[in-house]
Protein chains: 2
Amino acid sequence: MCNLSSPNPTKTPSAVAQIDRLERVTLGERVHTKLRDLLMSGELAPGQKMSLRSVAETLGVSMMPVREAVARLVADQSLEVLPNRAVRVPLMTCARFRELTAVRLAVEGFAAEQAARSRAESDLAAIRHFEEAFLAEARSPEPDADRAVRANKELHFAVYRATGLPTLVGIIEGLWLKIGPVLNFDLKASAERLRTGGAAEHHRSLVAAVNAGDAAAARKALVADIEGAAGFIESTGRLLE
Amino acid sequence: MCNLSSPNPTKTPSAVAQIDRLERVTLGERVHTKLRDLLMSGELAPGQKMSLRSVAETLGVSMMPVREAVARLVADQSLEVLPNRAVRVPLMTCARFRELTAVRLAVEGFAAEQAARSRAESDLAAIRHFEEAFLAEARSPEPDADRAVRANKELHFAVYRATGLPTLVGIIEGLWLKIGPVLNFDLKASAERLRTGGAAEHHRSLVAAVNAGDAAAARKALVADIEGAAGFIESTGRLLE
DNA sequence: ACAGTCTAACTGTGATCACAGATCGCGGCA
DNA sequence: TGCCGCGATCTGTGATCACAGTTAGACTGT
């Protein structure tokens with residue numbers, strides 16, 4: 001049973017209390033965000049090496065925030081440190097890709113279901129906005145792969161945020177961090193998949209299902225989207241072992 | 001398509017190649033493991049504060065590995081740093097507890113299903129072993145709450161490992177890290193729930209279902225286990241707001 | 001010309017120093 | 001006796017130094 005009393009029993013609400021939420025953003029946090037965006041958007045290819053000092057110099061900070069950010073990414077296997085003490089984007093084996101895809105189907109499939117149940121009107125507006133952005137890029141005469149990848153990400157996460165389960169969103173972010181390099185790097189290498197891959201149709205089904213509150217259809221559309229992309233990646237033959 | 005050629009095309013297998021896997025275990029990693037165990041087993045209560053320097057002195061290391069470990073735990077919200085620059089175990093609000101429980105039901109429920117499908121004989125042996133350990137503790141005339149909590153954890157994770165999806169196991173570890181303090185701290189405070197809570201029956205159903213390969217029954221048993229514990233925690237009325 | 005060795009540079013990890021901000025307690029004033 | 005103010009102390013964060021281990025390149029000896 002929850003305590004339903006006021007969270008501020010001794011203080012009266014005041015105007016200044018509205019914006020007292022100043023988030024503590026450390027340098028390490030900013031470096032982490034930067035590296036995360038690079039990984040999720042596929043701008044860092046699998047196997048690419050980096051050094052703490054070079055990243056620090058590039059970003060204009062000392063080595064300290066970089067090692068904190070890299071330590072976090074290494075901890076969840078979004079980066080790896082070789083026995084040679086070299087940091088690189090992990091290579092993707094076929095087995096690991098299939099494992100990540102299996103987990104994604106379960107977790108993101110559940111998120112799609114839940115989004116169809118819990119979506120608010122503001123969520124639906126955001127979802128429609130990013131779907132249009134993706135469609136505009138996919139139908140463009142000369143698609144910008146980078147923008148398409150980012151619009152695809154924003155659409156998916158708009159759906160996931162509609163679940164109202166930020167913990168679940170965080171889990172999915174971790175999954176995209178691991179699979180982003182291979183997924184988006186290969187996707188950007190062959191932009192014609194934008195039109196032939198069926199992503200637009202899957203997105204349309206997904207948005208329609210979430211809009212209608214049809215959880216089963218939402219899961220089905222998302223599963224088809226993930227499996228379509230996964231099949232394309234496996235067909236490229238670039239995975240190891 | 002996967003490359004099915006030998007992973008060592010140029011080298012012939014030798015005896016020394018068998019144990020070439022020397023894992024790099026840094027001090028920061030060991031501190032992280034230590035703090036994680038303390039959190040998951042409920043030995044650190046919600047709201048408990050700590051300082052990097054005191055932890056470092058206790059563990060006999062410098063502040064450097066501790067801040068790396070704490071930074072990782074703060075990043076995934078297993079710890080939090082207040083605006084006062086104080087590190088503490090986060091307090092659990094009722095809303096957050098329910099959110100975590102909802103995610104656990106989905107993720108761990110899927111894991112139970114998958115375990116029932118993919119379990120190997122060695123997995124089943126481990127599962128049976130930890131179930132007996134938990135039963136022995138639950139039926140003991142004077143149960144040791146600490147050992148019971150650890151046996152419960154080992155049983156659950158033996159099931160999760162049987163999925164053959166280490167990524168999924170990592171995700172669940174993150175969830176237990178967040179919910180462990182409230183779950184196990186309150187559980188240890190009232191040991192009589194060991195007999196009355198029905199955990200033993202849920203475990204029996206779970207093990208039987210996994211053993212029989214009945215995915216639906218495995219999910220049902222696990223869901224019942226989680227919901228039983230969650231209902232108990234909510235009934236204690238210790239959650240905030 | 002070629003092979004072996006040795007040095008110099010670079011790697012991540014750990015320790016120490018420096019600093020701004022917050023907290024708490026002691027002392028003095030009313 | 002009660003309240004305000006100031007300083008000592010403790011906090012996490014960032015920078016710098018130190019070090020073991022690896023690597024790559026140049027240099028020397030044959």
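A note on names: the letters A, B, ... follow the listed sequences, proteins ahead of strands, and every chain is numbered from 1.
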Polar atoms only, N or O, under 3.5 Å: list the protein pairs with nucleotides 13-16 of chain D and their distances.
| residue | atom | partner | partner atom | Å |
| --- | --- | --- | --- | --- |
| D:dG14 | OP1 | A:L27 | N | 2.5 |
| D:dG14 | N7 | B:R67 | NH1 | 3.4 |
| D:dG14 | N7 | B:R67 | NH2 | 2.9 |
| D:dG14 | O6 | B:R67 | NH1 | 3.3 |
| D:dA15 | OP2 | A:S62 | N | 3.3 |
| D:dA15 | OP2 | A:S62 | OG | 2.4 |
| D:dA15 | O5' | A:S62 | OG | 3.4 |

Sort me out a list of protein N/O and nucleotides 5-7 of chain D N/O pairs below 3.5 Å, or just none if empty.
none

Give the rounded distance in Å between these two atoms: CZ of A:R88 and P of C:dG12. 14 Å
For A:E43, all residues meeting salt bridge (Lys or Arg N to Asp or Glu O under 4.0 Å), sequence neighbours excluded: A:R150
Answer yes or no: is there a donor N or O on one side and an acceptor on the other, between the side chain of A:S118 and the main chain of A:A115, under 3.5 Å? no
With B:S62, which residues qualify under side chain to side chain contact (heavy atoms under 4.5 Å, CB included), at least two apart? B:M64, B:P65
Whole angstrom is fine here: how far is it from CD in A:E80 over to P in C:dT11? 17 Å
Is the B:Y160 ring parallel, tilted or perpendicular to the B:H156 ring (thresholds 30°, 60°)? tilted
Here the salt bridge (Lys or Arg N to Asp or Glu O under 4.0 Å) pairs for residues 165-179 of chain B, sequence neighbours left out, are B:R36-B:E173
Restricting to salt bridge (Lys or Arg N to Asp or Glu O under 4.0 Å), what partner residues turn up for A:R147, sequence neighbours left out? A:E137, A:D144
Residue set satisfying side chain to side chain contact (heavy atoms under 4.5 Å, CB included) with B:V87, at least two apart, ordered chain then number -> B:M50, B:V70, B:L79, B:V81
Just to verify, what does B:A120 make a side chain to side chain contact (heavy atoms under 4.5 Å, CB included) with, not counting sequence neighbours? B:S122, B:D123
Please tell me if B:S51 has a side-chain N or O lying less than 4.0 Å from either OP1 or OP2 of D:dT11. yes
Mind grabbing the angle between the end helix axes of the helix from C:dA1-D:dT30 to C:dA30-D:dT1? Five pairs an end, 10° rounding. 30°
Considering residues at least two apart in sequence or located in another chain, which fulfil the salt bridge (Lys or Arg N to Asp or Glu O under 4.0 Å) criterion with B:R67? none
Within the 4.0 Å heavy-atom criterion, would you say B:V87 contacts the bases, only the backbone, or no part of the nucleic acid? sugar-phosphate
Salt bridge (Lys or Arg N to Asp or Glu O under 4.0 Å) with A:R88: which residues, sequence neighbours excluded? A:E80
Atom CD of A:E29 to atom C1' of D:dG12: distance rounded to whole Å? 15 Å
For B:R85, side chain to side chain contact (heavy atoms under 4.5 Å, CB included) partners two or more places apart: A:R24
